[in-house]
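Each remark here refers to the structure printed beneath this line.
Chain identifiers are assigned alphabetically (A, B, ...) following the order of the sequence lines, protein sequences preceding nucleic acid strands; residue numbering begins at 1 within each chain.
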Amino acid sequence: MDVAIVGIGMHPFGRTDGVSGLDQGVYAARQALSDSKLDWNDLQFAYGGSSAAGNADSMVSKLGLTGLQFINVSNGCATGGSALQSAYMAIQSGMFDLGMAVGFDKHPRGAFTVDPEASGLGKWYGDIGMALTPQFFGMKIQRYMHEYGISEDTLTRVAVKNYKNGAMNPNAWRKNAFTYDEVAQSPMVCDPLRKYMFCSPAEGGCAMILCRADQAHKYTSNPVFLKAVAVKTRTFGSFEVFSQSQALDRAGAPSEQASKAAFEMAGIGPEDIDVAQLQDTESGAEIMHMSENGFCADGDQEKWLQEGHTEIDGKLPVNTDGGCLANGEPVGASGLRQVYEIALQLRGGAGKRQVPNKPKVGYTHVYGAPGLSGVTIMTT
Amino acid sequence: MTSIANQIPIAEGLFTWPSNDPRLLGSKCNNCGVVTFPAQAGCPACCGEDTANIEMERRGTLWTWTIQGFLPNRPPYDGPETAETFKPFAVGYIELPNQVRVQSRIKCDDLDQLKIGMEMDLVVEKYVERDGKDIIAYFFEPAGQR
Ligand SMILES: [Zn+2]
């Protein structure tokens with residue numbers, strides 16, 4: 001049973017003082033319902049999540065107490081992607097025909113605060129100052145640059161591109177396109193990554209209406225079909241955030257595993273993708289995720305960025321909505337934002353940032369602590 | 001010189017203490033030989049449950065590093081600095097030959113000299129003072145720094 005996305009909704013990302021995270025989720029849900037001309041009481045189920053803004057299922061008291069099955073999803077940075085995958089499986093199993101995946105969040109300002117013991121680490125690990133995600137990002141790209149000859153110039157180009165795309169996205173947080181020099185000269189945060197190469201915790205909400213593919217045309221004239229959804233966790237030997245030690249023999253990252261599984265499920269390869277959203281928690285992540293997801297060989301990113309292959313008019317536009325860099329990262333909503341953008345691109349509705357020549361196949365990839373990845377492949 | 005009685009390790013079982021030649025404590029799987037740090041009962045590689053504690057090498061090479069450029073949030077951070085006294089510090093993974101790569105804070109007089117592949121030695125010493133006692137932690141530093 002194929003699964004279609006027939007409605008998409010979003011509450012703008014960034015900072016919205018006076019509106020709770022939950023209400024941003026409700027707003028996104030109503031947008032998605034209106035996009036598919038459905039009412040909340042038409043839905044049979046929902047999967048939803050947030051990491052810092054309360055229980056998603058309490059949305060029912062605002063949207064209507066219809067008695068539907070609502071399951072809360074909590075899966076770190078992949079919460080949104082996991083909600084989508086759960087909805088996908090609910091329909092694919094034949095148990096339901098029509099439902100929603102929704103995510104929202106509202107994080108305090110500043111870097112994410114981590115509780116080491118909740119992640120199975122010793123208290124000492126945080127005490128001594130190692131429980132910080134930016135350190136991991138710095139160390140992973142530092143090694144990658146050493147092994148594959150990636151320069152700081154390429155790190156800067158990624159950020160400049162994403163802010164430029166974000167400036168064309170009415171829902172983005174950062175609508176100012178930082179210049180190359182502004183990025184390259186911003187303060188060093190975790191060597192070699194600078195301030196404007198990092199995304200920040202933020203707020204926002206995003207929702208999707210999913211249904212059986214054979215019923216999609218009842219709700220919309222331009223459905224988008226989910227050809228693959230895969231979530232994978234780390235295997236022994238991959239270099240992941242919050243590793244007190246790591247094995248001498250490197251193994252493939254969870255993104256590689258999720259990507260392979262998704263391409264296999266969809267029966268296509270990386271060369272068939274017209275537009276992609278790749279997790280860009282910081283510039284280095286987008287660079288490494290280009291190869292971990294199979295789009296280029298290790299080290300080719302240098303050339304790809306110089307030649308503009310990942311620009312909106314390039315051969316593989318990446319993070320056309322500005323990515324995490326321009327949108328910030330409300331953890332519960334972030335993975336769904338990627339799916340929203342690809343759906344919009346495939347529907348031809350992305351306005352000033354629309355990828356030319358009618359893209360038909362899109363890809364999303366989310367990555368998060370403590371080492372998990374979610375990939376979707378979508379077609380028109 | 002502080003007396004040993006006044007020195008408390010930051011966590012039990014992380015390194016041998018007290019000792020004139022302290023070592024990190026890891027575990028080795030009796031089935032597949034994989035080494036982990038800190039010591040743990042289950043093997044992350046083969047899922048076996050038969051592991052033995054071992055002392056780790058004290059010299060290794062720097063595999064990757066970064067510099068923590070801002071004062072980490074408290075909690076969980078519990079270092080001695082204030083916003084005024086904070087200075088960026090280095091963190092990295094040190095590859096211990098035939099064992100494992102260990103994440104560690106790095107004590108380095110000149111952060112500009114950090115380089116992948118450089119030799120690093122284990123040091124176990126005071127991290128912070130709490131309730132009149134010295135909290136002892138492990139660090140690595142460039143070989144020959146002192
Ligand atoms: Zn083993």
Inset, instruction - Report the C-alpha separation of A:Q135 and B:Q103 in whole Å, then their side-chain angles, then the decisive distance to 0.1 Å, and conclude whether the side-chain contact (heavy atoms from CB on, under 4.5 Å) test is met. - result: CA-CA 11 Å; A:Q135 283 179 9; B:Q103 190 181 1; 4.0 Å; yes
Inset, instruction - Before accepting this row, confirm whether a basic side-chain N of the pair B:R74/A:D127 lies closer than 4.0 Å to the acidic partner's carboxylate O. - result: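 Answer for the salt bridge query: no.
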Legend entry - Separation between OG of A:S245 and CG of B:L24, rounded to the nearest 0.5 Å: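 Answer rounded to 0.5 Å: 10.5 Å.
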Legend entry - Separation between CG of B:D112 and CG of A:D191, rounded to the nearest 0.5 Å: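 Rounded to the nearest 0.5 Å, the CG-CG separation comes to 9.0 Å.
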Legend entry - B:Y77 side chain to A:M130 backbone, donor-acceptor under 3.5 Å: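 Answer holds: no.
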Inset, instruction - Could you tell me whether a side-chain N or O of B:R105 sits under 3.5 Å from a main-chain N or O of A:G129, the two making a donor and an acceptor? - result: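 Judged by distance alone, no pair lies under 3.5 Å.
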Inset, instruction - With a 4.5 Å heavy-atom cut-off (strictly below), which parts of residues 41-52 of chain B touch chain A? List them by number. - result: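 Checking residues 41-52 of chain B against chain A gives B:P44, B:A45.
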Legend entry - chain A contact residues among residues 79-91 of chain B, heavy-atom distance under 4.5 Å: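 Residues of residues 79-91 of chain B touching chain A at under 4.5 Å: B:G79, B:F89, B:V91.
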Inset, instruction - Could you walk me through whether B:T66 and A:F137 pass side-chain contact (heavy atoms from CB on, under 4.5 Å), step by step? - result: CA-CA 9 Å; B:T66 190; A:F137 296 127; over 6 Å; no
Legend entry - Contact list for residues 94-143 of chain B, test ring-ring contact (aromatic ring centres under 6.0 Å, His included), sequence neighbours left out: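 Matches after skipping sequence neighbours: A:W124-B:Y138, B:F37-B:Y138.
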Between [X] and chain B, with a heavy-atom cut-off of 4.5 Å, which part of the residue counts as in contact: side chain, backbone, both or neither?
{"X": "A:V114", "value": "backbone"}
{"X": "A:F239", "value": "side chain"}
{"X": "A:T235", "value": "neither"}

Please determine whether the number of non-hydrogen atoms from other residues, nucleotides or ligands lying under 6.0 Å from atom [atom1] of [X] exceeds 12.
{"X": "A:D249", "atom1": "CG", "value": "no"}
{"X": "B:K28", "atom1": "NZ", "value": "no"}
{"X": "B:D21", "atom1": "CG", "value": "yes"}

Legend entry - Leading residue by heavy atom contact count with chain A [cutoff under 4.5 Å; candidates B:A137, B:G26, B:S104]: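 Highest number of pairs under 4.5 Å: B:S104.
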Inset, instruction - Determine which residues belonging to residues 282-306 of chain A lie within contact range of chain B, meaning some heavy atom pair is under 4.5 Å apart, and list them by number or answer 'none'. - result: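 No residue falls under the 4.5 Å cut-off.
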Legend entry - Region of B:L14 in contact with chain A, defined by heavy-atom distances below 4.5 Å: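 For B:L14, the side chain is the part near chain A, not the backbone.
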Inset, instruction - For B:T64 and A:K140, run side-chain contact (heavy atoms from CB on, under 4.5 Å): C-alpha distance rounded to whole Å, both residues' side-chain angles, the deciding distance at 0.1 Å, then the answer. - result: CA-CA 8 Å; B:T64 190; A:K140 190 176 174 197; over 6 Å; no
Please tell me if the side chains of [X] and [Y] come closer than 4.5 Å, counting only heavy atoms from C-beta onward.
{"X": "B:V102", "Y": "A:Q244", "value": "no"}
{"X": "B:F70", "Y": "A:P134", "value": "yes"}
{"X": "A:L248", "Y": "B:R101", "value": "yes"}
{"X": "B:W63", "Y": "A:M139", "value": "no"}

Inset, instruction - Step by step, work out the side-chain contact (heavy atoms from CB on, under 4.5 Å) result for A:R143 and B:I116. - result: CA-CA 8 Å; A:R143 180 71 197 184; B:I116 287 174; 3.4 Å; yes
